[in-house]
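The structure appears below as structure tokens.
Order of the sequence lines fixes the chain letters, A, B, ..., with proteins taken first and strands second; residue numbering starts at 1 for each chain. What you see below is based on every heavy atom in this structure, not just the backbone, and it leaves out hydrogens, waters and symmetry mates.
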Protein chains: 2
Amino acid sequence: MTPPSAVKPDISVTECAYRRVLEIISNKWTVLVIFALESGTNRYGEIRRRIADISQKMLTQTLRQLERDGFVKRNVHPSIPPAVEYELTPLGETLIPHMRQMKQWTTDYYSQVEQARRSYDEAHAPGQTK
Amino acid sequence: MTPPSAVKPDISVTECAYRRVLEIISNKWTVLVIFALESGTNRYGEIRRRIADISQKMLTQTLRQLERDGFVKRNVHPSIPPAVEYELTPLGETLIPHMRQMKQWTTDYYSQVEQARRSYDEAHAPGQTK
DNA sequence: CTGTATCCTATTCGATACTG
DNA sequence: CAGTATCGAATAGGATACAG
């Protein structure tokens with residue numbers, strides 16, 4: 001029916017699952033929290049110290065989402081005061097290689113981004129004479 | 001001064017560039033637009049059709065940011081009506097492998113995320129009897 | 001120590017209308 | 001065709017106070 005070489009596949013339809021995955025990581029803290037757990041089990045307070053500027057609300061919220069998505073396991077030790085440990089699940093571990101690669105990309109290429117921004121901003125400078 | 005094995009390195013400080021990179025891709029459309037350009041040069045309208053539910057505003061805004069960051073090259077053909085083509089730069093191309101890998105991850109593991117969510121939501125069901 | 005609850009702000013995004 | 005401008009809704013996120 002449709003012409004043979006008319007249009008390429010629609011990303012928004014065919015890659016629906018991919019988009020849902022992008023939604024998972026498209027926020028300020030998720031990737032950083034996963035990264036904070038790559039070295040093993042961590043207590044709530046330890047994670048918080050590692051990510052210095054995360055608020056209590058966002059850390060808890062991010063950990064809950066990661067738990068719900070099956071990336072993180074939450075272990076409560078019912079002591080007083082309570083101790084709660086978080087660790088990556090096997091599923092969560094599968095994300096680590098990708099994050100390491102993106103980190104490596106940053107090391108290799110981020111300076112080019114900074115350079116590109118400087119060039120762009122200079123070329124599109126607002127007042128110039130001002 | 002500080003105790004030797006006191007704390008692990010602070011992510012928010014030491015991985016500052018990494019965080020800036022995460023900020024680049026932490027939005028609804030950036031990755032999808034890059035992906036739409038992986039197959040080569042595309043005109044504005046073509047990209048828009050490939051990502052069916054993106055608004056004009058967000059497509060333009062995303063393309064401008066990608067251009068500023070050096071990932072995308074914008075080529076204007078001053079005809080009437082105007083034709084504008086977008087293509088990835090060499091720097092932009094370096095992102096494609098990572099995105100393909102994340103797409104492969106989606107294929108391999110996203111069903112586990114869905115399963116984890118079902119389990120979690122069932123275990124934390126609100127009313128149950130309701 | 002590990003959260004929850006509330007309020008408030010800032011940002012993101014979409015819809016709509018308009019332009020060269 | 002490829003934008004720009006404006007407005008408003010929705011969401012994300014931060015500060016603070018409080019609790020088991």
Taken to the nearest 0.5 Å, the spacing of B/Leu32 CG from B/Leu37 CG works out to 11.0 Å

A/Arg100 bridged to A/Glu38 by N-O distance under 4.0 Å: yes

Using whole Å, what does the distance between atom P of nucleotide C/dT16 and atom NZ of B/Lys57 come to? 14 Å

Tell me what A/Gln61 touches on the nucleic acid: a base, only sugar-phosphate, or nothing, going by heavy atoms under 4.0 Å. nothing

In residues 91-99 of chain B, what donor-acceptor pairs under 3.5 Å come from side-chain atoms, sequence neighbours left out?
| unit_1 | atom_1 | unit_2 | atom_2 | d |
| --- | --- | --- | --- | --- |
| B/Thr94 | OG1 | A/Trp105 | NE1 | 2.8 |
| B/Thr94 | OG1 | B/Leu91 | O | 2.5 |

To the nearest Å, give me how far apart CG (B/Asp53) and P (C/dC13) are. 13 Å

Integer-rounded Å distance: C/dT4 P and B/His124 NE2: 10 Å

Separation of C/dT12 atom C1' from A/Asn27 atom CG, nearest Å, is 14 Å

Whole-Å distance separating the CG atom of A/Leu59 from the C1' atom of C/dA5: 17 Å

Salt bridge or not for B/Asp53 and A/Arg19, using N-O below 4.0 Å? yes

At what angle, to 10 degrees, do the two end axes of the helix from C/dC1-D/dG20 to C/dG20-D/dC1 meet, given five pairs define each axis? 50°

Which nucleotide span of DNA chain D, 5' end to 3' end, has atoms closer than 4.0 Å to non-hydrogen atoms of chain B? D/dC1 to D/dC7

Return whichever of B/Tyr44 or A/Ser26 has its heavy-atom-nearest nucleotide of DNA chain D closer to the 5' end. B/Tyr44

Identify the two heavy atoms, one from A/Asn42 and one from A/Ala36, that lie closest to each other, and give their separation to 0.1 Å. ND2-O, 3.4 Å

Side-chain donor or acceptor of A/Asn27 paired with backbone N/O of A/Trp29 under 3.5 Å: yes

Which part of the nucleic acid, if any, lies within contact of A/Arg48, taking any heavy atom under 4.0 Å across all strands shown: a base, the sugar-phosphate backbone alone, or nothing? nothing

Nearest-nucleotide check on DNA chain D, A/Pro82 vs A/Met58; residue mapping nearer the 5' end is A/Met58

Here the distance between atom C1' of C/dG3 and atom CD1 of A/Ile47, to the nearest Å, is 13 Å

With a 3.5 Å distance limit and no angle check, can you tell me whether A/Thr106 reaches the backbone of A/Met102 through a side-chain donor-acceptor pair? yes

Tell me: CD of A/Gln56 to C1' of C/dC1, nearest whole Å? 9 Å

